[in-house]
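Structure, as structure tokens:
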Amino acid sequence: MYHVISCDQFSRDDLESIFRLTDAVRSQPEAFRTALAGKIVATVFYEPSTRTRLSFEAAVLRLGGNVISTENAKEMSSAIKGESLPDTIRVIAGYCDAIVLRHPDIRSAEVAAQVSRVPIINAGSGSGEHPTQAVLDVYTIYQYKKKIDGLTIAVLGDLLFGRTVHSLVKLLALYRDITIYGLSRDVLSLPEDYIAYLATKGVRYIPCRSLREIPPEVDVLYHTRTQTERFANTDLQIEEFIIDKESLDYFSPHTILMHPLPRRNEIAPDVDGDKRAVFFAQSHYGMYVRMSLLHSILAGR
Ligand code: CP
């Protein structure tokens with residue numbers, strides 16, 4: 001693996017190998033303490049982030065590497081003076097061994113990879129993709145379900161602009177006998193090209209408009225925030241599908257509730273203590289998955 005641009009580039013074998021390495025990183029952290037000694041990773045974020053930026057930075061530090069960072073590249077880098085993304089990437093690539101990039105343009109990671117002499121890791125490209133989030137999401141599902149083949153997964157919320165959902169459904173399509181329920185308001189439906197892609201991969205995709213259309217025995221509920229920052233019409237009001245204690249109790253004791261976070265009101269705090277609510281464990285696994293990805297890309301290079 002060199003660049004991480006899109007979930008299109010992963011095979012099932014790639015994921016299994018990343019998951020094995022993640023398990024090793026979790027169980028024997030001392031064995032990886034110097035894996036990135038002498039390496040510098042730049043985190044370049046043109047959009048806000050808590051988890052992705054800090055978990056990548058923690059991952060680099062835990063592997064013995066160093067970090068240079070612009071946490072608000074939109075205003076605090078020379079982008080504000082009119083510098084183009086390719087020029088910025090060409091320059092930063094001369095200072096470091098890999099660039100973790102979050103940017104509002106869907107093609108940003110691809111554009112950056114075309115001019116970069118070091119690996120580019122897509123940490124969220126507008127409403128397009130968020131591949132490292134999807135890898136950690138599938139890793140989390142595997143931790144709880146011990147398999148991916150044969151699972152039924154419901155994705156909820158903003159399926160139009162939600163880049164984590166776009167990346168997740170692509171990875172799920174690598175597995176056999178997958179059923180995906182897509183619960184959203186009409187205006188936030190999963191784009192047709194993703195639905196067509198899932199059909200070509202033999203994934204059953206079932207759009208729905210109410211929580212009760214999802215079977216109670218669904219294996220995974222994957223909720224997402226409405227990405228209001230992406231709306232051209234800022235007055236558009238979207239009624240959320242709220243998961244609270246009462247609505248969660250409609251589902252099986254074995255259903256897990258995930259969310260890439262941050263959440264707003266779409267998951268009520270009264271479910272946080274429920275053993276099915278795994279979203280904080282999910283974000284914690286993210287750091288280990290990113291350690292594994294960084295190790296695969298950089299160690300020994
Ligand atoms: N899940 C996720 O991408 O969170 P941040 O926006 O906080 O990085």
Side-chain angles (χ1 to χ4, degrees), residues 4-7 10 18 22 41-62 67 69-77 98-106 108-109 112 120-141 143 153 155-172 188 220-231 240 243 256-267 269 272 277-294:
V4 177
I5 306 299
S6 160
C7 282
F10 289 101
I18 292 163
T22 305
V41 174
T43 55
V44 182
F45 279 59
Y46 291 77
E47 289 186 335
S49 169
T50 296
R51 278 143 291 273
T52 312
R53 187 171 70 87
L54 294 179
S55 66
F56 260 115
E57 293 185 0
V60 174
L61 297 174
R62 284 174 185 269
V67 174
S69 184
T70 59
E71 66 173 283
N72 179 1
K74 190 175 167 198
E75 291 175 9
M76 301 305 290
S77 77
I99 298 174
V100 180
L101 175 70
R102 172 169 289 188
H103 193 281
D105 289 350
I106 288 179
S108 51
I120 296 291
I121 302 175
N122 182 358
S125 46
S127 58
E129 284 217 46
H130 194 346
T132 69
Q133 176 73 45
V135 176
L136 80 88
D137 291 339
V138 177
Y139 180 80
T140 303
I141 295 171
Q143 292 309 298
I153 294 110
V155 289
L156 283 67
D158 188 344
L159 311 184
L160 176 64
F161 296 116
R163 58 192 173 198
T164 69
V165 169
H166 300 165
S167 287
L168 176 61
V169 298
K170 283 187 180 177
L171 290 193
L172 291 173
L188 297 181
V220 179
L221 290 170
Y222 185 95
H223 211 342
T224 58
R225 175 180 70 86
T226 302
Q227 310 275 305
T228 40
E229 69 272 31
R230 313 248 179 245
F231 290 11
E240 306 286 357
I243 299 282
I256 59 168
L257 174 60
M258 298 175 63
H259 193 301
L261 302 176
R263 67 173 154 177
R264 283 192 301 224
N265 61 346
E266 65 277 6
I267 294 184
D272 291 2
V278 304
F279 33 86
F280 289 117
Q282 176 187 353
S283 61
H284 188 61
Y285 287 141
M287 180 183 69
Y288 297 110
V289 168
R290 287 173 174 136
M291 286 172 78
S292 165
L293 284 166
L294 287 164

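When a ligand or atom number is given, it counts from 1 through the structure's own listing order.
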Check: Any idea which atoms of ligand 1 are less than 4.0 Å away from a heavy-atom of Pro260?
Finding: 1 (N)
Notebook entry, point to check: What do you reckon, does Thr52 have a nitrogen or oxygen under 3.5 Å from a nitrogen or oxygen of ligand 1?
Noted result: yes
Check: Would one find an N or O of Leu261, backbone or side chain, under 3.5 Å from an N or O of ligand 1?
Finding: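 By distance alone, the answer is yes.
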Item checked: From the candidates Gln282, Glu47, Arg102, the one that places a heavy atom nearest atom 6 (O) of ligand 1 ->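 Ranked by closest heavy atom to atom 6 (O) of ligand 1, first place is Arg102.
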Check: When you measure from atom 4 (O) of ligand 1 to every protein heavy atom, which one gives the shortest distance, and what is it?
Finding: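 It is Arg51 NE, 3.1 Å.
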Margin query: How far is atom 7 (O) of ligand 1 from the closest protein heavy atom, and which atom is that?
Written below: Thr50 N, 2.8 Å
Next item on the list: Answer yes when Arg263 and Glu240 have at least one side-chain N-carboxylate O distance shorter than 4.0 Å, and no when they do not.
Entry: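 Answer for the salt bridge query: no.
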Notebook entry, point to check: Within a strict 4.5 Å, meaning less than it, do heavy atoms of the Phe231 and Thr226 side chains meet?
Noted result: yes
Check: Any side-chain donor paired with an acceptor under 3.5 Å for Thr43 and Glu57?
Finding: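 Distance-only check passes for Thr43 and Glu57.
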Next item on the list: Give a yes-or-no answer on whether the side chains of Arg51 and Ser283 include a donor-acceptor pair shorter than 3.5 Å.
Entry: no
Check: If you measure from CD on Gln282 to CE on Met258, what distance do you get to the nearest 0.5 Å?
Finding: 3.5 Å
